[in-house]
Trainee: 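Questions regarding the structure given below will be posed in turn.
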Amino acid sequence: MSFFSDVHKVVMGIPSGSVMTYGQVARFLGNPRGARAVGYALRSRNAPDNLPWHRVVNSKGEISLRKTLQGDSSRTFQRVLLESEGVVFDSYDKIDLTLYGLTID
DNA sequence: CAGCTGACGCCAT
DNA sequence: TATGGCGCCAGCT
């Protein structure tokens, strides 16, 4: 299957209340430098509706989206979704990956 | 077929 | 902590 499908599978495998970084997913797939490709996979319409893309954040634990466009509104939306799952944001709108970040067993 | 873009990551300033 | 620049892979036009 394509990287695409693999990324979707991994993301959908993220348990509620936990988050994973693009780098972790990319590394899990065998492409430590393929973080960008991971983001591309989530951005694409090809992604299933039940894809919890909001559980995927960047290495800093921040919700990363396109600079412009819905940026602001979507970013807030994601934060709400994660908070609903038990994830707590700090004063910098960042998540403590040491607590919610999954490991690549 | 060739080039560009993009929900990123790390390093330097 | 913030900002800027370069490099990475995969998909799209």
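Sequence lines set the chain letters: A, B, ... in the order given, protein chains first and strands last, and positions in each chain run from 1.
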Trainee: Are A:Val10 and A:Phe4 connected in a single hydrophobic cluster, I mean Ile/Leu/Val/Met/Phe/Trp/Tyr linked by side-chain heavy atoms less than 4.5 Å apart?
Mentor: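 No; A:Val10 is not reachable from A:Phe4 via cluster members.
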
Trainee: Calculate, to the nearest 0.5 Å, the distance between atoms CG and CD1 belonging to A:Asp93 and A:Ile63 respectively.
Mentor: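 So the gap between those two atoms works out to 8.0 Å.
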
Trainee: When you compare the protein's N or O atoms with those of nucleotides 10-13 of chain C, which come within less than 3.5 Å of each other, and at what distance?
Mentor:
unit_1, atom_1, unit_2, atom_2, d
C:dC12, O4', A:Tyr40, OH, 3.4

Trainee: Side-chain contact, heavy-atom cut-off 4.5 Å: A:Asp96 with A:Asp90?
Mentor: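 A:Asp96 does not reach A:Asp90 side chain to side chain.
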
Trainee: N/O contacts under 3.5 Å, protein versus nucleotides 10-13 of chain B?
Mentor:
unit_1, atom_1, unit_2, atom_2, d
B:dC10, OP2, A:Ser59, OG, 3.4

Trainee: In whole angstrom, what separates A:Glu62's CD from C:dT1's C1'?
Mentor: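 Roughly 11 Å, once rounded to whole Å.
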
Trainee: Please check: side-chain N/O of A:Ser18 versus main-chain N/O of A:Ile14, any donor-acceptor pairing under 3.5 Å?
Mentor: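 Here the side-chain-to-backbone pair does not exist.
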
Trainee: CG of A:Leu97 versus C1' of B:dG9: gap in Å, rounded?
Mentor: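 Distance, rounded to whole Å: 13 Å.
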
Trainee: Between P on B:dA7 and CH2 on A:Trp53, what's the gap in Å once rounded to a whole number?
Mentor: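 Roughly 12 Å, once rounded to whole Å.
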
Trainee: Could you tell me if the side chain of A:Val19 sits less than 4.5 Å from the side chain of A:Leu102, heavy atoms only?
Mentor: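 Not in contact.
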
Trainee: Just do the side chain to side chain contact (heavy atoms under 4.5 Å, CB included) check on A:Leu81 and A:Val87 with the steps written out, would you?
Mentor: CA-CA 9 Å; A:Leu81 290 173; A:Val87 177; over 6 Å; no

Trainee: Report yes or no: do A:Phe28 and A:Tyr40 belong to one cluster of Ile/Leu/Val/Met/Phe/Trp/Tyr joined by side chain heavy-atom distances under 4.5 Å?
Mentor: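 The answer is no; the residues belong to distinct hydrophobic clusters.
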
Trainee: Let me know the distance between OH of A:Tyr22 and P of B:dG9, rounded to the nearest Å.
Mentor: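 Spelled out: OH on A:Tyr22 to P on B:dG9 is 8 Å.
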
Trainee: Using a 4.5 Å cut-off on heavy atoms from C-beta on, say whether the side chain of A:Arg27 contacts that of A:Arg33.
Mentor: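 A side-chain contact under 4.5 Å is absent here.
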
